[in-house]
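Chain A is the first sequence line, chain B the second, and so forth, proteins listed ahead of strands; every chain is numbered from 1.
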2 protein chains.
Amino acid sequence: MEQLLQSIKIAINEKIFLKDPESSALGKRIVEHSILLIDEIGFESFTFKKLGDRIESNESSIYRYFENKHKLLVYLTSWYWGWLEYQLVFTTNSISNKTEKLAKAIEIVSRTVEEDNAYSHVNEVLLNKIVINESSKSFLTKEVDQENKSGYFVIYKRMVNRLEQMIKEVSPDYRYSSSLASTILESSLHQHFLMDHFPTLTNCNKKHTPGKFLADLVFKTLNKTYNG
Amino acid sequence: MEQLLQSIKIAINEKIFLKDPESSALGKRIVEHSILLIDEIGFESFTFKKLGDRIESNESSIYRYFENKHKLLVYLTSWYWGWLEYQLVFTTNSISNKTEKLAKAIEIVSRTVEEDNAYSHVNEVLLNKIVINESSKSFLTKEVDQENKSGYFVIYKRMVNRLEQMIKEVSPDYRYSSSLASTILESSLHQHFLMDHFPTLTNCNKKHTPGKFLADLVFKTLNKTYNG
DNA sequence: TAAAGATAAAAGTAATACTATTATATTTGT
DNA sequence: ACAAATATAATAGTATTACTTTTATCTTTA
């Protein structure tokens, strides 16, 4: 699988960037070090000036790739969802049992991310942390409707739709398939956040993972017994 | 109830403000108009200078009440959860049937807020919109652990705990009571957000409210039939 | 009615979030 | 191999933000 992924490029809506960061060494350094720096100091404190210093390049050169730091965050989260979507599709594709397929999907989208060496300039473990801590800020803005129209969030929406379809395959009569699908993704991120910062607000831990909580929730809701 | 509430003050952790905004006319104007202005232009664009212009007061006077706009947001969301907690406790207190009590609680925390004239300087309808659109930003920061230690989020945590207790009353053996409780609150806000901006990612609408989705989810998960 | 406390006005500072210009590399097409 | 095209770096500049400080004035209240 790693060999296979090596040649796959995550396709991101071109409106999100001014110049494709995958198209040059500088672009890749921008992506690589923005992940490290945002993880380190948080999105609020992150600036293109600091990133420029870090990669020994100039602030203005970064502006040639991304209009502002908000678009960079949209890019990074899109990349993450695209990467996760690939794993989801690849892993569940061959599973014919519908219940088992949905169970696997829940596991994939909610598990703690482990190193993936397929993309040398992206640290997926840190990117997952960024998605947990910062990604809400990419859509909780006054510009969300306009950016949604421009297709900034297509990959995320496709992820929700894939989960929704799997839910429908398991329980065609369930009324809230898309709400449940969006709740799986959102709650997964939230439970991971609570594990790190508000442990009294969650029962999840290394043993009882967010994935197990969500599998239990989903299959009871869909009236299917499943012993994952 | 309105008469009763009139005399109740929502108690907010004193570390969140420099001077209690409830203690003066200017303080109340700050709260009142910050809600209107944040709703209007969003938290990112909101500044104390703009608020000062709006209330015909000075930027530096606002700084006497709140250290920065982040603390003001923490204050507003705390106020909201305190207000909602009061409604929750008041409304569910007299219900002896445990299932019915939990059902009512879910309804209270997930319903669309309607006007409440008890607090003249707070527009609860707009504050609810702010909580949906901006409140995540109050804890998705690098300072969250330190602020949590200082008690900035106690009211929210108490809300989750109240829901958790109600869940335990209904199903003592359910393993994920606090995860489910935190999911109810988080998912409720998220489903309202999706209704407004990503209608394809939710089945919720005026008829099939987030409250109905969540009640269905919770009672199936807890193996209780309830026809709300 | 004097003193204390609150608010307003003005000015200043460092940093942010950019834009514009020009110079210097680097790549590529012939 | 070399000119042209393109990318990057360096520098400077602007408007705004997020404050702090100082001083003046206004309002309570003891």
For A:Phe139, enumerate each residue passing the ring pair (Phe, Tyr, Trp, His ring centres under 6.0 Å) test, keeping only those at least two apart in sequence or located in another chain.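 Counting only residues at least two positions away or on another chain, A:Phe139 forms a ring pair (Phe, Tyr, Trp, His ring centres under 6.0 Å) with B:Phe193.
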Could you tell me which non-hydrogen atom of B:Thr200 sits nearest to which non-hydrogen atom of A:Asn161, and how far apart they are?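 The pair with the smallest heavy-atom distance is O-OD1, 4.5 Å.
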In terms of side-chain heavy atoms of [X], which of [options] is nearest?
X       : options               : answer
A:Ser61 : C:dT7, D:dT8, C:dA8   : D:dT8
A:Arg64 : C:dA8, C:dT16, D:dT8  : D:dT8
A:Thr47 : D:dT8, D:dT11, C:dT16 : C:dT16
B:Ser60 : D:dA10, C:dA9, D:dA7  : C:dA9

[N] phosphate, OP1 or OP2, under 4.0 Å from [X] side-chain N/O:
X       : N      : answer
B:Ser24 : D:dT27 : no
A:Lys19 : D:dT8  : yes
A:Lys50 : C:dT16 : yes

Please report the distance, rounded to the nearest Å, between [atom1] in [X] and [atom2] in [N].
X       : N      : atom1 : atom2 : value
A:Asp53 : C:dA15 : CG    : P     : 12 Å
B:Tyr63 : C:dG12 : OH    : P     : 18 Å
A:Tyr65 : C:dC18 : OH    : C1'   : 19 Å
A:Glu59 : C:dA15 : CD    : P     : 14 Å
B:Lys28 : C:dA6  : NZ    : P     : 16 Å
B:Ile62 : C:dA6  : CD1   : P     : 17 Å
B:Leu18 : C:dA6  : CG    : C1'   : 14 Å
A:Glu44 : C:dA17 : CD    : P     : 10 Å

Between B:Tyr156 and A:Leu201, is any pair of side-chain heavy atoms under 4.5 Å apart?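 Touching, per the 4.5 Å side-chain cut-off.
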Within the structure shown, what part of the strands sits under 4.0 Å from B:Lys49 by heavy-atom distance: base, sugar-phosphate, or nothing?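 Result for B:Lys49 = nothing.
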Within 45° cone and under 6.0 Å: B:Lys69 NZ/CZ vs B:Phe43 ring: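 Positive - B:Lys69 is close enough to the ring of B:Phe43 and near enough to its axis.
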Candidate pair A:Arg54 and A:Glu40, rule salt bridge (charged side-chain N to carboxylate O under 4.0 Å, His left out), full reasoning: CA-CA 12 Å; A:Arg54 200 54 91 85; A:Glu40 207 177 307; 3.0 Å; yes
